[in-house]
Amino acid sequence: MTFKHIPRYRPLQIVANLTRALQMVWRIAARWTVFNTVLVLLQGFLPLATLYLVKRVVDFVTSNITAPDKSAVFEQALFWIILAGAVALLSALTRALGEYAAEAQSLYVTDAIADILHEQSIAVDLRYYEDPSYYDTLHRAQKEAPFRPTKIVNGLIQLAQNSISLLGILVLLISFGGWTASLLILVGLPGVTLRMMHSKRLYTFDKNQTEKERRANFYHNVLVDVPFAKEVRLFNLGELFKDRYHQLRTEIRNGKLSLGARRVRSELMAQTLVTLALFGALAWFAWRALNGTLSLGDVLVYFLGFQGGLNFLQGLLRALAGLYEDNLFLTNLYHFLDLQPAIQSPDNPQVVPQPMQNGLSFEQVSFHYPGRSQPALQDINIRIAPGEVIALVGENGSGKTTLVKLLCRLYDPTQGTIKADHIDIRDFNPSEWRKQIGITFQDFARYAMTVRENIWLGNPENDPTLELVTRAAERAGADEFIRNLPKGYETMLGHWFFQGQELSGGEWQKIALARNFWREANILVLDEPTSALDAIAEEKLFQAFRTVLAKRTGILISHRFSTVQMADCIYVLDNGQIIESGTHAELLANKGHYAYLYQSQAQYYQMED
Ligand code: ADP
């Protein structure tokens with residue numbers, strides 16, 4: 001699926017999009033939506049009732065202006081005044097309650113949509129995370145999704161409310177003379193056309209802006225986030241990133257302001273037309289009153305009616321234009337939600353063998369990253385028996401990590417199959433299969449949580465008792481330094497939160513290893529596990545690794561030959577292909593690429609000695 005999505009403006013599509021938003025809101029906050037709707041509709045009726053009652057008062061007073069018993073007249077007038085006041089009060093009450101209901105509805109919907117976005121973020125394949133247009137889509141969805149569906153519901157309610165009020169007023173005006181009603185409609189139309197044109201411009205502008213906004217966010221992060229703080233100071237990058245951020249934000253702001261200015265110009269035009277119509281109508285009413293064809297009450301009610309009618313009409317058209325705009329922006333959310341993960345569970349998944357009896361095999365596996373012309377892996381054949389440890393060796397970019405990603409089903413091979421006990425791993429439920437694999441990637445995660453939680457996250461299904469967590473930490477050689485932390489296993493890690501403790505690269509790596517060992521998985525993968533470890537820690541780790549492995553399968557990726565030597569079989573990768581395999585001794589005897597790499601490293605150490 002491509003991300004370059006252009007929304008279509010077909011009416012059926014618009015209706016389908018709006019219906020989907022309504023269903024979403026209904027599922028999330030049905031009761032608040034009903035409450036809100038009732039209140040808003042009431043607000044549509046009540047102004048009409050007030051208008052009618054005020055007219056009664058004015059007419060009553062003018063017709064009795066010459067009556068001798070003023071207090072009796074006033075008493076009767078008072079009845080209508082109190083009634084009008086009560087209706088106005090009710091109107092105020094419904095408004096206040098309506099605001100609360102609308103806020104509650106919107107808060108529920110916003111939070112639930114964040115949940116939906118998070119769910120989809122977890123569900124999509126890893127490849128989306130390696131595609132910039134994915135981030136554009138996600139960014140747009142995140143920006144718009146939380147409030148657009150609520151806005152649609154409120155837009156529809158507004159539409160209903162304004163329609164009811166407008167209908168009442170139109171009936172009133174038509175009884176006075178059809179032309180005022182037509183005038184009302186006529187002067188309202190330019191406003192809505194201009195507004196819809198603005199919505200379209202805004203949407204296109206916003207879409208083209210996404211990459212710029214994300215770039216500005218990145219520059220902002222460089223300036224404020226921990227991972228960049230050292231280099232920013234050392235290389236004196238602060239001003240450079242500050243300027244770049246400033247420049248981008250200026251471009252974005254100027255774009256928005258010029259759009260805003262265009263909008264103000266068209267609004268002004270529309271409003272001038274409306275005002276002219278309104279006061280033209282007043283002149284006409286005044287003329288008729290002077291000629292005795294209208295009572296003062298009539299003048300009042302028609303003027304207020306015409307003014308109210310214009311407001312309602314504008315409200316109605318604004319709601320329509322708003323719905324049009326919401327629909328445009330919602331396509332971003334739908335587009336994100338409709339991304340289908342390619343890696344899914346088959347309908348009848350096979351049971352994952354545990355432990356494996358025959359082991360793992362890569363059979364003629366090839367893989368292309370999307371959008372790359374060169375294959376990352378080509379015709380890979382590897383067999384690993386249970387209890388065996390293999391090592392992958394090769395220069396940077398030779399395909400070692402990619403092979404592991406295929407094993408974890410973060411991607412599927414473009415050709416060939418990976419099998420566990422002769423079953424294609426695509427026949428398993430991916431999450432059941434992944435439970436079999438414990439992996440420490442080179443770019444492992446650092447969670448701003450306690451040490452205990454950092455280890456426990458390797459398998460949250462297990463209860464993190466201190467005894468078990470300590471055992472995993474010991475195997476990773478982490479227990480000793482953890483005990484020296486201010487609160488031991490309860491120490492908060494990282495700089496994010498209060499009393500957080502920053503660790504060295506090697507210490508973080510040991511925590512990541514402990515997380516992996518905590519998992520007690522049947523296949524253990526270590527991708528450059530010792531890159532940040534010192535020699536003694538490395539030695540200890542491999543002693544532990546053998547113990548942890550017992551009858552399990554191990555895959556090691558390393559540049560250090562001291563690490564690699566322990567493997568039962570070493571595979572040498574070059575440009576995505578296996579060019580050699582065998583034990584350390586066999587490969588040295590071969591005098592091939594492995595022997596060459598080994599000699600270069602050995603030479604380096606000898607020179608150091
Ligand atoms: P190694 O682990 O041996 O250093 P990798 O498996 O990470 O190598 O990379 C193998 C090749 O695939 C490299 O040419 C790299 O540029 C490419 N590659 C790695 N990850 C991606 C990705 N997410 N998208 C596109 N190409 C990638």
Side-chain angles (χ1 to χ4, degrees), residues 1-4 121-122 124-138 211 214 218 339 341-343 360 362 364-382 384 389-416 418 425 430 434 437-445 505 509 512-513 516 523-533 554-561 563-564 567 569-581 587 592-594 596-598 600-601:
M1 173 183 276
T2 160
F3 294 96
K4 307 268 180 249
S121 308
I122 303 168
V124 296
D125 299 326
L126 178 75
R127 79 178 172 93
Y128 291 124
Y129 283 80
E130 296 173 338
D131 181 340
S133 47
Y134 165 81
Y135 287 103
D136 284 352
T137 312
L138 177 63
E211 170 101 12
R214 286 203 306 110
F218 171 71
L339 292 178
I343 296 173
L360 278 175
F362 287 73
Q364 290 165 344
V365 170
S366 297
F367 180 70
H368 266 89
Y369 278 104
R372 294 289 287 251
S373 56
Q374 288 295 318
L377 288 173
Q378 227 177 331
D379 205 19
I380 300 291
N381 290 292
I382 297 178
I384 321 171
V389 179
I390 66 144
L392 302 174
V393 178
E395 285 158 37
N396 291 334
S398 56
K400 304 179 296 293
T401 304
T402 305
L403 200 133
V404 171
K405 285 195 208 159
L406 296 188
L407 177 69
C408 304
R409 290 206 69 202
L410 295 177
Y411 289 87
D412 278 335
T414 333
Q415 270 167 22
I418 303 171
I425 61 169
R434 287 181 192 136
I437 306 169
I439 184 157
T440 313
F441 282 109
Q442 292 172 59
D443 51 350
F444 53 82
Q509 193 162 32
L513 283 163
N516 189 358
I523 303 167
L524 215 57
V525 185
L526 303 184
D527 188 353
E528 283 296 336
T530 54
S531 57
L533 299 191
I555 300 178
L556 273 176
I557 301 178
S558 181
H559 289 295
R560 295 201 193 179
F561 288 89
T563 309
V564 169
C569 187
I570 301 162
Y571 292 86
V572 185
L573 277 117
D574 188 38
N575 269 330
Q577 283 175 304
I578 295 174
I579 51 168
E580 276 180 296
S581 64
L587 288 172
H593 194 62
Y594 181 85
Y596 166 75
L597 292 174
Y598 180 77
S600 339
Q601 215 175 75

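As the structure is a prediction and not an experimental result, all values here were calculated from the model. Each ligand, and each atom within it, is numbered from 1 in the order the structure gives. When reading the values below, keep in mind they use all heavy atoms of this one structure, side chains included, and skip hydrogens, waters and symmetry mates.
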Visitor: Out of Pro370, Pro375, Gly397, Gly576, who is nearest to atom 10 (C) of ligand 1 when you count heavy atoms only?
Guide: Gly397
Visitor: On a heavy-atom basis, I'd like to know which of Tyr369, Tyr411, Phe441 is closest to atom 21 (C) of ligand 1.
Guide: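 Among Tyr369, Tyr411, Phe441, the closest heavy atom to atom 21 (C) of ligand 1 comes from Tyr369.
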Visitor: Tell me the protein heavy atom at minimum distance from atom 2 (O) of ligand 1, and give that distance in Å.
Guide: Thr401 OG1, 2.7 Å
Visitor: By number and element, which atoms of ligand 1 are closer than 4.0 Å to a non-hydrogen atom of Ala376?
Guide: 12 (O)
Visitor: Should the proximity of Gln374 to ligand 1, defined as any heavy atom under 4.0 Å, be assigned to the side chain, the backbone, both, or neither?
Guide: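 Near ligand 1, Gln374 shows nothing, with every heavy atom at 4.0 Å or more.
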Visitor: How far is atom 14 (O) of ligand 1 from its nearest protein heavy atom, and which residue and atom name does that atom have?
Guide: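 Here the closest protein heavy atom is Arg372 NH2, 3.7 Å.
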Visitor: For Thr414 versus His368, what's the shortest heavy-atom pair and its separation?
Guide: OG1-N, 2.9 Å
Visitor: Side chains of Tyr369 and Thr402: donor-acceptor distance under 3.5 Å anywhere?
Guide: yes
Visitor: Specify the closest pair of heavy atoms between Ala391 and Val564, including all atoms of both residues, with the distance to one decimal.
Guide: CB-CG1, 3.8 Å
Visitor: Go through it in stages, so that I can follow the logic: the residues are Leu403 and Ile557, the test is side-chain contact (heavy atoms from CB on, under 4.5 Å), and I'd like the CA-CA distance, side-chain angles, deciding distance and then a yes or no.
Guide: CA-CA 10 Å; Leu403 200 133; Ile557 301 178; over 6 Å; no
Visitor: Show, in sequence, the C-alpha distance, side-chain angles and deciding distance for Val393 and Leu587, and conclude whether the side-chain contact (heavy atoms from CB on, under 4.5 Å) test is met.
Guide: CA-CA 12 Å; Val393 178; Leu587 288 172; over 6 Å; no
Visitor: Any nitrogen or oxygen of Gly399, main chain or side chain, under 3.5 Å from a nitrogen or oxygen of ligand 1?
Guide: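 Yes, there is a polar N/O contact under 3.5 Å.
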Visitor: Flag Thr402 as yes when one of its N or O atoms lies below 3.5 Å from any N or O atom of ligand 1, and as no otherwise.
Guide: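 Yes - when backbone and side-chain N and O of Thr402 are compared with those of ligand 1, one distance drops under 3.5 Å.
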Visitor: Take every heavy atom of Ser398, measure it against each atom of ligand 1, and state whether any distance is under 4.0 Å.
Guide: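 Ser398: in contact with ligand 1 (<4.0 Å).
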Visitor: Nearest 0.5 Å please: distance from the CG atom of Leu407 over to the CD1 atom of Ile425.
Guide: 5.5 Å
Visitor: Is Asn396 close to ligand 1, meaning an N/O of one under 3.5 Å from an N/O of the other?
Guide: no
Visitor: Show your reasoning for whether side-chain contact (heavy atoms from CB on, under 4.5 Å) applies to Leu573 and Leu377.
Guide: CA-CA 9 Å; Leu573 277 117; Leu377 288 173; 4.0 Å; yes
Visitor: Would you indicate whether Gln415, at its atom CD, is surrounded by more than 12 heavy atoms from other residues, nucleotides or ligands within a distance under 6.0 Å?
Guide: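 For Gln415, atom CD is not crowded (no more than 12 foreign heavy atoms under 6.0 Å).
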Visitor: How far is atom 23 (N) of ligand 1 from its nearest protein heavy atom, and which residue and atom is that?
Guide: Glu130 OE1, 2.6 Å
